[in-house]
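In what follows, every chain begins at residue 1, and chains take the letters A, B, ... in the order their sequences are listed.
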Amino acid sequence: MSAGPAPGSSQPADAVAGSGGAAPPVFRVRDLRKVYEMGEVQVHALRGVDLEILAGEMLVLLGPSGSGKSTLLNILGGLDLPTSGSVEYGERRLDGADEALLTRFRREHVGFVFQFYNLIPSLTARENVALVTEIARYPMRPEEALTMVRLQDRLDHFPSQLSGGEQQRVAIARAIAKRPQVLLCDEPTGALDVETGIVVLEALERVNRELGTATVVITHNAAIADFADRVLSMANGELVGERRNETRRPLSEIHW
Amino acid sequence: MRALQRKLLRDLWAQRSQVLAIAAVVATGICLLFAARSTFGSLQHTQDEYYEQGRFADVFASIKRAPWWVAERAAELDGVAQAQARVVVAVNLDVADMEEPSRGLLISLPDRGEPVLNRVLLDSGRWVDPLRDDEAILSLKFAEAHGLEVGDHVVAVINGRRKRLEAVGIGQSPEYVYAISGGDLFPDPRRFGVLWMARRPLASAFDMEGGFNDLSLRLLPDVQPQGVIAELDRLLEPYGGLGAIPRSQQTSHWYLTNELTQLESTGYVVPLLFLTVAAFLLNVVLVRLVAAQREQIAALKALGYSNRAIGLHYVQWGLGVSALGAALGLLGGIWMSRSWLATYETYFSFPRLIHQMSWNDFAQAAGVSVVASMVGALGAVRAAVRLAPAEAMRPAPPATYRQTALERLAEWLQASVAWRIILRNLARRPVRSLLSVVGIAFAGATLVLGSSLVSSITELAAVLFDRMQRQDVMVTFNEPASSSSAFELTSLPGVRSMEPIRTVPARLRSGARSRQVGVLGMVADPRLWRVLDSERGAVAMPAEGLMLSSMLAEILGVRAGDRVEMEVLEGRRPVLGVDVASVVDDYVGASAYMEIEALRRLLGEQGTTSGAVLTIDPLAESELYAALKRTPRVAGVALRSATIENFETFLSDNIGSMMFANLLFAFVIAFGVIYNTARISLAERARELASLRVLGFRRSEISGILLGELGLLTAAGIPLGFGLGVLFVLWAVRAFETELYRIPYVFDTRTFVISAVAVVGSMVVSALVVRRRLHELDLVAVLKSRE
C-alpha cells in the first residue's frame, strides 16, 4: 500500500484550528494524543491533534496508512478513548466518558461506514438498516434510507447476494437512517473499484447535501479529496496540512 | 421481530447441526433429570396417598401368642393412637398351575367391619364372610401371576390339612407394596402370596382363640416410635414378643424407601454430568462464534448497541440451544418416567400409580438447563463484551503458536509437517483440547459404567447361585423342631443330601446400637449353603462365637474380638453375652452366623432345628414337592431354580433396555463432543486448509490433518475414559450397596472393548460428516473472505 501524495503546504497544526467560518463546530478537538502499549513498545498513534469540524461540511482526512487517521476517527466516533487531550461534541465531553455515555452517543448522533462494510451477513439489507432504526430516536424508515442510496430494489437481499458497492451503500443507508449529525467513513471505497467507488461517493455526497450531515471521509486516495469542502492531511499522528476547495469537483470528473 | 432476534434465529439455523448435537446432550440430561424427579415425585405421592388411604401402621410387632386384652393395653400406651391385633400365619399354598408349593401368608380380618390399620383395598370381588372358613381375599400380584380370578380356588396347607379357599375378592394392602418373602432378592409373585381370611376360623386352626400373634400400632402425630417400641416390648415380652420394629424397618416400606432414595440421588448425579458436558460444548461453540463474528460485534457496537444488548444476544444463543434441548428432554422425560413407572408397577403393588408431573419438576428441569447454558455462554459473552469496537474492526491478529514439548516429540519422531500442524493446534489451546479429551472420556466412562454394572450383576448372580447357595431346596419349619425332623427330610423321595439350619430370632446390641436379626446356625463346614467372603472365598464357621457380615458389624459398630449382647426373642428369652469371632465381607444380607452346635450350646438346647437345605435328584422333583406340600411341619419351601429364574427374568426385563439407553447416552455425548470439536477446527482453519489445497495438498491430506487431530483427541480420551469409568463403577457399586446385597466390582475386559468401540464409532461418524464439508470447501471463496 503506497502512501498518498505529500501535502503541499506544511502549515502548523495550530493554524488549522479556528479556521472555520460562521457555522458552529460539531466537534472541537484539543491536543489529542493516543498511545498504544504494545508489550514493551509504546506506539504514538496521535501526537497532539487540534481540530474543529463544522456542521454540514464534507471533510476528507488524507494520509498514508499508519498516519493515525483511523485512530482519530475512532475517537471522534466514540469507539475509542484518547490517552490525553479533549474532544467536545457540542456541549459534551467525549474524552473520559464512560461506556454507557459513549454507547448513547454512538446510538444517537454518529453514523459509521467501514471499509469492509461490516454488514451482518445473516440479515437482509432492510434488516441491517432496521438494526439502527429500531434503537435510534428519530430514525427514518429503512426503505427510505435505502432509497437514498438507490437500493430500493434490493431491500430483501442478503449481503452475500449484493455486490461490494451495493453492500457499502447498505452500510451508508444503515449509517444515515438514524439522521446523525456526523457521518464517519473509514476508507469507504478502499475495497472497491473506481466505478463502484464513485457510486458510493455519490451516495455520501447526496446525504451530505440533502440532510446536511457533517461527513468525514478517511482515505489514502488523494483523488477523492477534490469532492470535499476541506482536506486535512495527516502523517505520523499529526495534522500536517489543510486545503480548502472553493468549488467541489463533480464526481463525474474524478478518476483514480 | 427485532432485527437482532432475526440474526439470532438465522445464526442458530446456520449452525443447526452443531446446535442439534449440543441440544441432544442437554436433552439427555434434562430427560434423565425430569424422569427421575417425576418418577420420584409420583412414587412418593402414590406412597403417601396409599399409606393414608390404607392407614398404614407406624409400629409392627410379632408375638408368639398374646391374649386379646394385651392389644387394648397396647392401645393405651403413651403416644399410641390405634392398635390392631391380628393372627398372621405362614403356610404353603398349592396352586393348580404350579408343581412346587408357593409360600403364603394368611392374615386375619376383624370379626366386624374393615381393619382399622393396614387396610385391604379391594380391587374386585367382595369382603369375606366373617363366619366362613373357606373364603379369602387374594393379593393382587399373586392372583395376576397365577391368572386367578374371583371365584377361583387356592389350597392352603393349614396345620397339615389341605384347606380349599375360594377367592371371594382380590385386593392390595400398603403393608405389601413390595411383597418379598424372606431370603429372596426380588419379589416373586408366583411363589409368594398374601391371603386375608376371617379371624375366627384362622384363630381356631392355629390355636389362637382369644389371642393374637401380630400387632400394629398407629402413633399420634409427631410421636417418635423408639419410646413406644420400648414400652411395647416390655408389654409383649411375657407373651413371646419378637421385638417391635418401626415402620422404617418394615420390609415393604424399607424397599420402597430405598428405591426412592436411590432415585433421588441418581436423579441428580447423572443429569449433572450431561449438563456439564453441554455447558462445555456451548462454551466452545460460542467462543468460536464470537471470534468469527468479531467484526459484526464491532459494527453493532459502532451502531450504538450496548454491551448488555450484545452480551444478551449471545446468552440468548445459548438459551436457544438449551431451550430446544430442554423441550426435547422434557418430552423424552415424560415418556421415560412413564416407562419407569410401568417397570415399578411390575415390582411394586399399588392400587393406582399416580403419574405426577408437577410444575415444580418442569421448572426445575428448565431452570437447570438455563443455568447450564448460562455457565456455558459466560466465557463467550465476556469475550464479546470485552471486545473493543475499534480493535474488533481490524482483523484478528494471527494466532500465536509456539513450539511445545509435544512438538519436540514430533521432531524426535521426525513427524511430517502435517503432524506438526496437528500438534501445534492441540497445544495452542491446551485447555480446550484437554476438555475435549475429558468430554470424550466421559462418553467412554458412561459405557464402562453401564456394561460393568451388567458384569457385576451377572457376577453377583454367579456368586449367589454357583458358589453360595448350592442347595436345590431350602425348607423351613413352622416352629423349631428336633434334629430328627431334619433327618426325616432325607427319607423323602429324591433327597440326596441335607444340612440342618437353626435360626434364632434375636436382638444384637452393642452400646446404644442394636439390630434385630435371625442368627443363623450352620454346620461347621457347610457344603451347600456357604458363606462367601469377597476376598477369602468360602469360609468355615468359627468354633465359638458369632461371625457377622461386615454390614452388620458396621451397623453395630463392632469388630472381631468385641463382645455383643444377644437378646434371644423366643423360648426362655435369655439375654446372653457373645463374642464376635470374625467379620465376613459377604455379598448379601446383614447377617449373623454361628456354628450350629455352638449356637445350641449357647441356648442350652439339643438338636433343635429350624429347617434344612437339600440337594435333590431333579427327576424326583415333582414327587418331592408333592411330599413337601403334605408335610405339616414344613412352613416354607424355597427353590434355587425358581430364584434363578426370577433373577434372570429381572435381568432380561431391565438390563437390555438399560444397555440400550446407556449406548444411546454415550453416543450422544461422544458425538456431541467430537463433532463439535471437528466443526470448530474446520471453521477456525478453513482458510489454512484451503491454502494448503491451493499449494497442492490433496483432499485426503488435508482431511488427514483435521481428522488426525480428532483421532489424537479420541485416542487420548479412550484410556482416560477407562480410568474414569472404573471410578464411576466403584462409586456406583458403593451407591447401590444396601443391607440386602453388595454388588462386586468385576474387572471385565469386554466392558473396555465396548467403550472403546462405541467411542471410535462416534468419532468415525463425526469424521465422515465433517469430511464431506471439507470436500465441499470452496477454495476461492475461502481465500477471498477475510478471516
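Of the residues considered (A/S122, A/A136, A/P180), A/S122 shows the highest number of contacts with chain B, using heavy-atom pairs under 4.5 Å. In terms of heavy-atom pairs under 4.5 Å with chain B, the best-connected choice from A/R174, A/R104, A/H109 is A/R174. Between chain A and the options B/L303, B/N307, B/L300, B/L4, heavy-atom pairs under 4.5 Å are most frequent for B/L303. Per-residue heavy-atom pair counts under 4.5 Å with chain B were compared for A/G78, A/G77, A/P121, and the maximum is reached by A/P121. Counting heavy-atom pairs closer than 4.5 Å to chain A, the top-ranked of the candidates B/R308, B/R10, B/K301 is B/R10. Interface check for chain B: of the options A/L123, A/D80, A/I75, the most heavy-atom pairs under 4.5 Å are formed by A/L123.
With a threshold of 4.5 angstrom between heavy atoms, A/E99 approaches chain B through side-chain atoms but not through N, CA, C or O. In this structure, chain B has a heavy atom under 4.5 Å from the backbone of A/L119, while its side chain stays farther away.
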- request: Given salt bridge (Lys or Arg N to Asp or Glu O under 4.0 Å), test A/E108 with A/K178 step by step and report yes or no.
  value: CA-CA 7 Å; A/E108 283 160 19; A/K178 70 177 77 154; over 6 Å; no

B/L275 and B/V26: CA distance, side-chain angles, deciding distance, side-chain contact (heavy atoms from CB on, under 4.5 Å) verdict: CA-CA 6 Å; B/L275 293 167; B/V26 175; 4.2 Å; yes

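A side-chain donor-acceptor contact under 3.5 Å links B/Q293 and B/D11.
A salt bridge between B/R6 and A/E127 is present, with a side-chain N of the basic residue lying under 4.0 Å from a carboxylate O of the acidic one. Ion pairing of A/R154 with A/E166 is present here, as a side-chain N (NZ or NE/NH1/NH2) and a carboxylate O approach within less than 4.0 Å.
Remark: A/R206 CZ is packed, more than 12 non-hydrogen atoms of other residues, nucleotides or ligands lying under 6.0 Å away.
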